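Okay, structure first, notes after.
So you know, we letter chains A, B, ... as the sequences are listed, proteins then strands, and number each from 1. In this text, all values refer to a predicted model and were calculated from it rather than measured experimentally.
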Number of protein chains: 4
Amino acid sequence: MERTKIYYDKKQTLKDPVLVVGLPGIGNVGSLVAEHIKNELEGKKFAVLYSPYLPHQAIMQSDGGLRLVSNRFYHCKDKKGRSILILVGDTQPSTTRGQYAINERIIRFFKSLNGKKIFTIGGYNATNQYVQNPKVFGVANSAKFRAELNGKGVIFGKAAGSIYGAAGLIPALSKRYGINSACLMGETGLLEIDANAAKAVLEVMTKILDIDITFSNLNKIKKETEKIIKDIEEASRAQEGHVGKDNLTYIR
Amino acid sequence: MERTKIYYDKKQTLKDPVLVVGLPGIGNVGSLVAEHIKNELEGKKFAVLYSPYLPHQAIMQSDGGLRLVSNRFYHCKDKKGRSILILVGDTQPSTTRGQYAINERIIRFFKSLNGKKIFTIGGYNATNQYVQNPKVFGVANSAKFRAELNGKGVIFGKAAGSIYGAAGLIPALSKRYGINSACLMGETGLLEIDANAAKAVLEVMTKILDIDITFSNLNKIKKETEKIIKDIEEASRAQEGHVGKDNLTYIR
Amino acid sequence: MERTKIYYDKKQTLKDPVLVVGLPGIGNVGSLVAEHIKNELEGKKFAVLYSPYLPHQAIMQSDGGLRLVSNRFYHCKDKKGRSILILVGDTQPSTTRGQYAINERIIRFFKSLNGKKIFTIGGYNATNQYVQNPKVFGVANSAKFRAELNGKGVIFGKAAGSIYGAAGLIPALSKRYGINSACLMGETGLLEIDANAAKAVLEVMTKILDIDITFSNLNKIKKETEKIIKDIEEASRAQEGHVGKDNLTYIR
Amino acid sequence: MERTKIYYDKKQTLKDPVLVVGLPGIGNVGSLVAEHIKNELEGKKFAVLYSPYLPHQAIMQSDGGLRLVSNRFYHCKDKKGRSILILVGDTQPSTTRGQYAINERIIRFFKSLNGKKIFTIGGYNATNQYVQNPKVFGVANSAKFRAELNGKGVIFGKAAGSIYGAAGLIPALSKRYGINSACLMGETGLLEIDANAAKAVLEVMTKILDIDITFSNLNKIKKETEKIIKDIEEASRAQEGHVGKDNLTYIR
């Protein structure tokens, strides 16, 4: 496999699809939010992304099967039956070239599904302390789209600096594909899994996506992702691009 | 050479080919098993894989010739005359991209030969101590194939974690090519060359492949691979992706 | 995105276009000179270069928008209405392959605009001390072009050693495209932002390009680039090719 | 520039061309031998190889020009007017992928010139001490070619281990192109520039190539290459694949 591939295994009938991208990152806010929406709305997996830029790692499963490290697309619906696609994954690519290759591939796939809007979710690391009442900051790739999101609880124009990885590349590159895209960032401190920041973003997302989800049980959300985090960390170790002889066929 | 190439030098008449992949890895179980089956069944070399993802290294030979670092395919037969293909090699690629490129290339080549089943062999590193009576753990890429392997001495659903390199990528990617594939792992401690773990896998393989092989002489198997190990280590040094001026044209 | 792309967004009517390339480097002389000419001549942005060899980083903007790390082309005019194109950027690629890919892409784009001459601007690091009266050294890719630049204040044949990055690759590769190209280097010490060296090059450039610019206010030039420098440094941190888990979606 | 390119600038009328490859490596034996034959036979430069796998570095020249880091082909003749092509260069690629890409490119170019034989020159590092009477060891890619070289002073079948870089890859890969190729290695200790080892190989080469060259003056040969060595070292620093901000546009 020389290039990133998306296998669109279960063709979907889609209505006005919106994509929500939540991949591992700061505070794991993205993963928490996306996994939770997917679970609450009982999303159906319909496509999977493999890439030579992801770790060369197969994960053993309890039924005796195995699966490749991947990103996965799920299909859910809002109250009016419109399609919400959720992208979750084990990890992000460790190289710059991988980031550009995978993120543009995601945009093109979504474009081929006639998608018009993408939200990426991340954490905004403004402090080193626990944030009691996290804000949700945002950037969006057009003034029109920022106006559309007005009044939903997203603060535009106050965050500064750079956004790395999918959360930044997808909105920035989407502009070239005529796709409206915003990055929504939950304010977070140095927590590895910040369920509080995720809750803040989830509250905003329910308004934007017109969905009902339960998020009172923060601990449940947090535990759901603890397993994910462990997988990510394992993946990260193999993600350096180069591997020594010692971790070829390494299993434990 | 910009891409991985397989030279299919000696066209074979194949009957229901099965592929056994045994490349360097944990405990060198894979190499030991594959080299031993190849030797016992007097396999004939028929194809060779070169790749820009393998070390840029030519190995001098005692007749004054030289050969490139490579993976090599051998053709053996079971008791009923069916084809068993064995893949052995000097090393695995050191980069993630190399792993994906080479392992998918292997699957595609085997698919072009109308192959239907691939076994990859590895070590399962469950302990830091010598394992007296090693078990053989397995994962397979379909429930049907796991059922087919039932009663052959492979334990499914008990191993956990990740499999790196060819041993994991080939079964995981094979699914997309309609090829049944399993990874069989001999339980091993921290031995560099674990002939005991290899013996356990070999016992299982004789049942699965319907072959007769001698494996009472563990020391012989071990010595056979000691030379291989040394070659691997030398290759590994050049495998970092980057080489300094000092080991260009380095010979000793 | 697998390859470097230039989006030529606002088609220009060009007259005898000359290209001035000023990207981050030693003393930031290149950036200073190019940014200043662009500002003084009120250049209009007309094209942008994105590349998988640049950091995977989106920069948040004060209006709530975001933009990808990039190189950008501006269109200015000289006293006679001839076109001066200016290339500025956040950073240069961190890998050798990226340098070759991006710099040849720039040449080919300029060639497609019927461009005939390219100037790259750099710093010449001849000493570790502040240079009070910096000279401007040059190299050019043809004897004819060196003759043409005679008497403009550029010293040819005195600088020795190597030029890294765009400043060297563009003139060297341009020869193959029939484009006259010179690298002009302001003598500099170890200053991170050497406005004095930039001023020396600017004085030479006004003669070469037949333009009038104000450059008495060195402090203003310097401050203009201080912001750029900070952006560069941030970009550089993400530029190692490999990124850890911790700076995915890292924002501050 | 995304791929390695050879510019065949001055078309040559060739007669039974043989290629001698002498690039930087152990003891710089390859560079010494090739540069010396080229000088003695007054070779004419006719082609140049550029590659994104070589350092992104332009070398300033005393006439005010500049040239890219490169490998260069020269055309000489033997006593009977047959063509001897010499390949020399500033450096070898620092990555495995670069080694495969460039060396196969060289073979294909030579094949397109109807070439039949390639000699690569290297050092054989058998000891850590100065070698007073160095032997010349060899490997060749066919038994027939080894027989042809019999009696010329090359010792086959005694050297063991691996050959890195062009010296090993070219003979090994040439086999697939129907080109006879041998690597000749001068026995050397730890000298950076081993003119004594080079002399031993040169003596063998005069017999193989049917040429007359002066090689009594070892010091002259050595000084010729001292300048080359310095260039190589400078190139090596930029050759790590990644470069920091500090050596962009770095000149001294």
Side-chain angles (χ1 to χ4, degrees), chain C residues 3-4 23-27 29-30 91-101 103-105 120-126 137-143 146 154-173 175-176 182-183 185 232-233 235-236 239-241, chain D residues 1-9 47-70 72 90-99 101-102 227 230-252:
Chain C
R3 317 198 80 183
T4 302
L23 295 167
I26 282 295
V29 178
T91 184
Q92 291 199 34
S94 58
T95 65
T96 286
R97 292 188 69 190
Q99 286 283 356
Y100 277 91
N103 286 310
E104 198 187 42
R105 189 71 195 78
T120 64
I121 312 298
Y124 186 84
N125 210 340
F137 296 101
V139 287
N141 66 3
S142 75
R146 288 192 292 276
V154 188
I155 301 165
F156 285 103
K158 294 296 180 194
S162 286
I163 310 176
Y164 292 86
L169 283 196
I170 288 178
L173 287 167
K175 207 172 187 171
R176 295 289 170 181
C183 174
M185 300 165 278
I232 292 163
E233 284 183 347
S236 294
Q239 210 184 17
E240 309 305 287
Chain D
M1 192 154 73
E2 300 271 1
R3 316 198 78 182
T4 302
K5 288 184 193 174
I6 296 178
Y7 290 96
Y8 185 9
D9 289 325
V48 63
L49 177 151
Y50 298 134
S51 175
Y53 296 107
L54 294 177
H56 59 98
Q57 191 177 1
I59 298 165
M60 291 185 268
Q61 293 176 305
S62 56
D63 65 352
L66 81 171
R67 70 168 186 80
L68 218 49
V69 164
S70 65
R72 297 170 292 281
D90 305 299
T91 184
Q92 292 199 33
S94 59
T95 64
T96 287
R97 293 188 69 189
Q99 285 283 355
I102 288 182
K227 197 192 151 299
K230 266 183 67 179
D231 287 356
I232 293 163
E233 286 183 344
E234 196 170 342
S236 294
R237 268 183 262 132
Q239 209 183 17
E240 308 306 286
H242 290 190
V243 294
K245 169 178 85 115
D246 290 345
N247 60 357
L248 293 173
T249 324
Y250 192 63
I251 305 150
R252 66 171 169 195

Next on the checklist: Using a 3.5 Å distance criterion without hydrogens, assess whether the side chain of C:Tyr164 forms a donor-acceptor pair with backbone atoms of D:Ala58.
Outcome noted: no
Item to check | Contact summary for D:Lys5 and C:Glu104, nearest pair of heavy atoms | outcome: NZ-OE2, 2.9 Å
Checklist entry - If you count heavy-atom pairs under 4.5 Å between each of D:Arg3, D:Glu2, D:Gln61 and chain C, which one has the most? => result D:Glu2
Checklist outcome for this item: With C:Ser162 as partner, the option from D:His56, D:Met60, D:Gln57 fulfilling side chain to side chain contact (heavy atoms under 4.5 Å, CB included) is D:Gln57
Next on the checklist: So, using salt bridge (charged side-chain N to carboxylate O under 4.0 Å, His left out) as the criterion, who are the partners of C:Lys158 when residues are at least two apart?
Outcome noted: none
Next on the checklist: Minimum heavy-atom separation for C:Gly168 and D:Leu66, please, with both atom names.
Outcome noted: O-CD1, 3.7 Å
Next on the checklist: Tell me the closest heavy-atom pair linking D:Leu68 and C:Ala172, and the distance in Å.
Outcome noted: CD1-CB, 3.6 Å
Next on the checklist: Under the rule for side-chain hydrogen bond (donor to acceptor under 3.5 Å, both in side chains), what residues qualify as partners of C:Arg176, not counting sequence neighbours?
Outcome noted: D:Asp9
